[in-house]
Every structure is written in structure tokens, then in C-alpha cells.
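To start, the structure under review is shown below, and the notes come after it.
Just the heavy atoms: all of them, side chains too, but no hydrogens, waters or symmetry mates, feed the values below.
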Amino acid sequence: MSVGGVCRVMVATDDDRIAEVARGFGAEVAMTPATCANGTERCAATLSALGDDVDVIVNLQGDAPLTPPAFVEALVAAMADPRVAVATLALRALPETRRRLLADQAAGRVGGTTIAIDSSGDALYFSKAVIPHVPAKALDNPDLPFFLHIGVYSYRRSALTRYAMAPSSRLEELEGLEQLRFLDARVPMRIVQVASHLDIWELNNPEDVPVIEASLAARGLA
């Protein structure tokens with residue numbers, strides 16, 4: 001296993017085809033209801049299969065294949081603070097990434113999710129729109145608080161249970177961002193800032209496929 005600090009790996013899915021492939025390479029599989037609206041609900045649905053002794057669950061979703069192992073380890077480390085109920089990742093966007101996000105937005109595509117972070121390191125808001133607004137003349141400033149969300153999460157069991165019981169929020173439905181339900185339910189989300197010299201890009205549009213495939217090939221993974 002490339003990620004340290006993890007005692008168990010499980011593939012959670014409602015698709016028999018995915019389950020068959022996963023079992024084929026020796027993975028443990030949990031079949032979850034087709035009614036799960038997102039990955040966080042799917043994680044909540046696995047709690048009974050995980051057992052009562054598991055308190056921290058990490059959610060690595062299939063649209064984030066470029067996530068380095070060190071990013072997951074950073075999330076696990078963040079949960080050492082007992083005050084943290086949920087944590088997720090942020091990557092300070094380089095000027096070229098900012099411009100790519102803005103170009104996608106101008107073309108009517110969602111290139112990624114951005115985050116506003118408060119002074120204590122918790123999330124203020126997530127959006128598929130590019131936030132915060134940055135004047136064009138400042139776009140090349142490398143120190144801007146301009147963060148790209150990396151959709152990997154760690155949760156306490158209690159936070160997942162609370163999430164599953166909470167109704168979906170209006171903002172969650174409008175943005176299509178599952179994590180906004182935590183903020184609407186007043187569950188703080190710790191933002192773990194990470195850095196990478198590699199291109200980190202999630203699969204949101206068909207146009208993202210060649211970018212991701214090229215990056216996987218450059219890492220010797222494809």
C-alpha cells in the first residue's frame with residue numbers, strides 16, 4: 001500500500017461491474033444502495049460493514065486519480081486533532097491553473113472547485129464558480145488565497161452519521177457539491193493545505209481525460 005497510516009482499504013460501489021473488477025485485483029468491496037446521492041453518503045452506508053472500532057474514514061473518489069499518496073497521509077494526520085470532525089484538501093492554485101479555471105468558466109465548463117478559507121483554516125465556502133474574485137492585474141501573484149479543492153475527505157464516524165441524517169441543502173443542490181451539507185449543518189471542515197510539483201486535475205469534463213491520461217503516463221502509471 002502506497003499510503004501510510006491506513007489499516008484497511010475498501011471499494012464502495014453500487015455497480016456490479018465495478019465490484020467485479022475490484023474483487024478481481026483482490027480488493028474488499030462493500031455494495032451500497034443505488035440511492036446514495038454522492039460519495040459521502042456512500043461512505044456513511046459502509047459504516048456497518050466497517051465495524052464499530054473504525055472511527056476515521058477516508059474517502060478517495062474515482063474522479064481524483066491524480067491524488068498523490070502524501071495527500072491522503074496529510075488528511076489522516078489532520079484527524080489526530082480530536083477537534084476535527086471532517087477534513088479535506090486544498091492546493092494553492094498556480095497562476096496557470098487560475099487562468100485555466102477562468103477559461104473553463106468563460107466557456108461554460110466547470111474546471112474545478114475553489115474554496116474560501118477562514119483565518120483558522122476551516123472552510124467558509126466551496127464553489128464551482130471561481131472564488132475569490134481576483135482582478136486580472138493580480139492573477140500572476142503567487143501568494144493569493146486562491147485554492148483549488150482536491151476532493152478527498154476524512155471523516156469521524158459521528159460526522160458521517162450526522163451527514164446521513166441531515167437533509168440535503170439548497171446550496172448543495174445548486175452547486176452540486178456534497179460537502180456544502182456539512183457547512184449547512186454547522187459541521188466545521190478543516191482545510192489541509194498541500195503542495196505538489198505535479199499537475200493535479202480532477203475528472204469533471206470529457207476535455208479533462210487527455211490531461212489526466214498524460215499526467216498518469218508521465219508518472220509511469222498508464
Name the atoms and distances for all side-chain donor-acceptor pairs under 3.5 Å in residues 17-27, with sequence neighbours left out.
residue	atom	partner	partner atom	Å
R17	NE	D15	OD1	3.0
R17	NE	D15	OD2	3.4
R17	NH2	D15	OD2	2.6

- prompt: Is it the case that one hydrophobic cluster holds both V9 and F71, taking links as side-chain heavy atoms less than 4.5 Å apart, direct or via other members?
  reply: yes
message: Test of understanding: clusters of I, L, V, M, F, W, Y form through side-chain heavy atoms closer than 4.5 Å, transitively. Do L89 and I115 belong to the same one?
response: no
- request: Without swapping roles, check the side chain of R100 against the backbone of G111 for a donor-acceptor pair under 3.5 Å.
  value: no
- prompt: Do the side chain of E178 and the main chain of T40 share a donor and acceptor less than 3.5 angstrom apart?
  reply: yes
- request: Only pairs at least two apart or in different chains count here, so list each side chain to side chain donor-acceptor pair (under 3.5 Å) that has a residue in residues 42-54.
  value: T32-R42
- request: Grab the two heavy atoms, one from A87 and one from V192, that are nearest each other, plus how far apart they are.
  value: CB-CG2, 4.2 Å
message: For the backbone of M79 and the side chain of R156, can you confirm whether one donor and one acceptor N or O come within less than 3.5 Å of each other?
response: yes
- line: When rounded to the nearest 0.5 Å, the distance separating OG of S127 from CG of L177 is 7.0 Å
- prompt: If you look at every heavy atom in D140 and R98, which pair is closest and at what distance?
  reply: C-NH1, 4.1 Å
query: Short question: side chain of T88, backbone of I191 - any donor-acceptor pair under 3.5 Å?
result: no
same_hphob_cluster(L101, L144) at 4.5 Å side-chain heavy-atom cutoff: yes
field: Shared hydrophobic cluster, V86 / Y125 (ILVMFWY, side-chain heavy atoms < 4.5 Å)
entry: yes
- prompt: Is it true that Y163 and F126 fall in one hydrophobic cluster, defined by side-chain heavy atoms closer than 4.5 Å?
  reply: yes
- prompt: Is E175 reaching over with its side chain to a backbone N or O of L180, donor-acceptor style, under 3.5 angstrom?
  reply: no
field: Side-chain donor/acceptor of R162 to backbone N/O of A185, under 3.5 Å
entry: yes
- prompt: With distance as the sole test, does S154 use its side chain to make a donor-acceptor pair with the main-chain N or O of V76 at under 3.5 Å?
  reply: no
- prompt: If you look at every heavy atom in L91 and A195, which pair is closest and at what distance?
  reply: CD1-CA, 3.7 Å
- prompt: Got a second to check how far I57's CD1 is from C43's SG, nearest 0.5 Å?
  reply: 7.5 Å
- prompt: Under 3.5 Å, is there a donor-acceptor pair between the side chain of R92 and the main chain of D143?
  reply: yes
